A.B. asks: 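Submitted below is the structure of interest, expressed as structure tokens.
Just so you know, these numbers come straight off a predicted model, no measurement behind them.
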There are 2 protein chains.
Amino acid sequence: MRIGALGQATRVDPETIRYYERIGLLPAPVRRANGYRAYGPAHLERLAFIRHCRALDMPLADVQRLLHLLDHPLDDCQDVDRLIDTHLAHVQGKLQSLQALAQQLEQLRGRCHGQHATAECGILHELVAAAQGESCVCHGNSVQTSQKGRRLRGACPESGYEPE
Amino acid sequence: MRIGALGQATRVDPETIRYYERIGLLPAPVRRANGYRAYGPAHLERLAFIRHCRALDMPLADVQRLLHLLDHPLDDCQDVDRLIDTHLAHVQGKLQSLQALAQQLEQLRGRCHGQHATAECGILHELVAAAQGESCVCHGNSVQTSQKGRRLRGACPESGYEPE
DNA sequence: AAAAACCCTGTAGCCACTCCGGGGTCAAGA
DNA sequence: TCTTGACCCCGGAGTGGCTACAGGGTTTTT
Ligand SMILES: [Zn+2]
Ligand SMILES: [Zn+2]
Ligand SMILES: [Zn+2]
Ligand SMILES: [Zn+2]
């Protein structure tokens, strides 16, 4: 089985397969006389395992550790548990922040209906105001920058930017 | 205002501020005689805006476009809307897949209680089985690899890896 | 025989930072 | 006065997980 066939079977780009080999995740297969990689069913299974873990968004370092544990069946599986626990906690944390994020964005999106000049756009107004510390959930309330004239000075050549 | 003070006010690492300047996101401030950057309130506001957008997980390219629109108040705000819509769709997509992911991981976690050898660990068994195509939501059902003997051959020197 | 598809290596790019090394500048303390 | 320490400068490299060349060789199809 050549790299293309393996890639088709597992739906993995051959470049990715070579990458996994380079970083030591997938063992280097033997080569044919012409230098082509020759894979067997063991590689196919291992690659499928890797991809399944990746689909669970595990970092490759974790996948590496799981593969190592698979190769050493007598080890204690506590390591497996810890690894999954940690990863799950990580995913749940990300999920929570992403939920809050989506909510914020939906709210922000509701600020503009129909077209008008950017100077009057509710979305931009909201973004500027929030960045200046009012009703901003994302940064803490400690970022108050200016007390009035809540407009961003431009960065274009024509709009002045005076320092200090 | 020097870079450290700006960083404290906005809770942004000075290295990040310099990075924003390098990529043209934050305009280069004037320098004092000793070469130190001297920032004004305009920079403070602009940086706060950038960070707020980043907190909404917008890519810097999008932030750049928003800043440009802010600098050109007469442009149509349709661009703003499209940008936010696209980003929101992106976030919602990620949210959905992350929800499915968390569910899968929780289910996987339930496969192992107590400690035993990895050879008998329900988590690893499940991972191997799923990678081989059964009851696997993440990859399509077309990844059937081997029909029986669903065990991953090891990649360690001692465990044999024969090709073809 | 020619064209298309495949394979090889090595390198560089993506994102948004983050860290490092090797220096210069400036205030407060011993 | 000397020294410590906190700042600041710059350029370059590293992170993760790929992806995309460039510039060759080989195999398969037309
Ligand atoms: Zn799967
Ligand atoms: Zn609008
Ligand atoms: Zn904010
Ligand atoms: Zn177990």
A.B. asks: Considering residues at least two apart in sequence or located in another chain, which fulfil the side-chain contact (heavy atoms from CB on, under 4.5 Å) criterion with A:Arg18?
C.D. replies: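 With neighbours one apart ignored, the set is A:Ile3, A:Pro14, A:Glu15, A:Arg37.
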A.B. asks: Could you note down all residue pairs passing side-chain hydrogen bond (donor to acceptor under 3.5 Å, both in side chains) where residues 89-100 of chain B supplies at least one of them, sequence neighbours left out?
C.D. replies: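 Only A:Glu106-B:Gln92 qualify under side-chain hydrogen bond (donor to acceptor under 3.5 Å, both in side chains).
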A.B. asks: Taking five pairs at each end of the helix from C:dA1-D:dT30 to C:dA30-D:dT1, what angle separates the two helix axes (nearest 10°)?
C.D. replies: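 Nearest ten degrees gives 10° for this helix.
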A.B. asks: At the 4.0 Å heavy-atom cut-off to chain A, mark where contacts on DNA chain C begin and end, going 5' to 3'.
C.D. replies: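 First and last nucleotides in contact are C:dC6 to C:dT9.
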A.B. asks: According to side-chain contact (heavy atoms from CB on, under 4.5 Å), who are the partners of B:His125, at least two apart in sequence or on a separate chain?
C.D. replies: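 B:His125: no side-chain contact (heavy atoms from CB on, under 4.5 Å) contacts found.
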A.B. asks: Using atom names, set out every protein N or O paired with an N or O of nucleotides 4-8 of chain D below 3.5 Å, distance rounded to 0.1 Å.
C.D. replies:
from	atom 1	to	atom 2	distance (Å)
D:dC8	OP1	B:Gly4	N	2.8
D:dC8	OP2	B:Gly4	N	3.3

A.B. asks: Residues two or more places apart in sequence or in another chain: which of them pass salt bridge (Lys or Arg N to Asp or Glu O under 4.0 Å) with A:Arg22?
C.D. replies: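 A:Arg22 satisfies salt bridge (Lys or Arg N to Asp or Glu O under 4.0 Å) with no other residue.
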A.B. asks: Under 3.5 Å, which protein N or O atoms sit close to an N or O of nucleotides 18-20 of chain D? Give each pair with its distance.
C.D. replies:
from	atom 1	to	atom 2	distance (Å)
D:dC18	OP2	A:Tyr20	OH	2.8
D:dC18	OP2	A:Arg54	NE	2.9
D:dT19	OP2	A:Thr16	OG1	3.2
D:dA20	N7	A:Glu15	OE2	3.4

A.B. asks: Which residues satisfy the side-chain contact (heavy atoms from CB on, under 4.5 Å) test with A:Asp85, sequence neighbours excluded?
C.D. replies: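 For A:Asp85 the side-chain contact (heavy atoms from CB on, under 4.5 Å) partners, ignoring immediate neighbours, are B:Arg109.
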A.B. asks: Would you say A:Asn34 places a side-chain N or O within less than 4.0 Å of OP1 or OP2 belonging to D:dT27?
C.D. replies: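 Checking A:Asn34 against D:dT27: at least one side-chain N or O falls below 4.0 Å of OP1 or OP2.
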A.B. asks: Show me the side-chain donor-acceptor pairs of residues 54-63 of chain A shorter than 3.5 Å, one per line, residues at least two apart or across chains.
C.D. replies:
from	atom 1	to	atom 2	distance (Å)
A:Arg54	NH1	A:Met58	O	2.7

A.B. asks: Return the set of residues passing salt bridge (Lys or Arg N to Asp or Glu O under 4.0 Å) with B:Asp79 (not counting sequence neighbours), or none when no residue passes.
C.D. replies: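 Per chain and number, B:Asp79 pairs via salt bridge (Lys or Arg N to Asp or Glu O under 4.0 Å) with B:Arg82.
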A.B. asks: Which residues satisfy the side-chain contact (heavy atoms from CB on, under 4.5 Å) test with A:Asp76, sequence neighbours excluded?
C.D. replies: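 By the side-chain contact (heavy atoms from CB on, under 4.5 Å) rule, A:Asp76 matches A:Gln78, B:Gln115.
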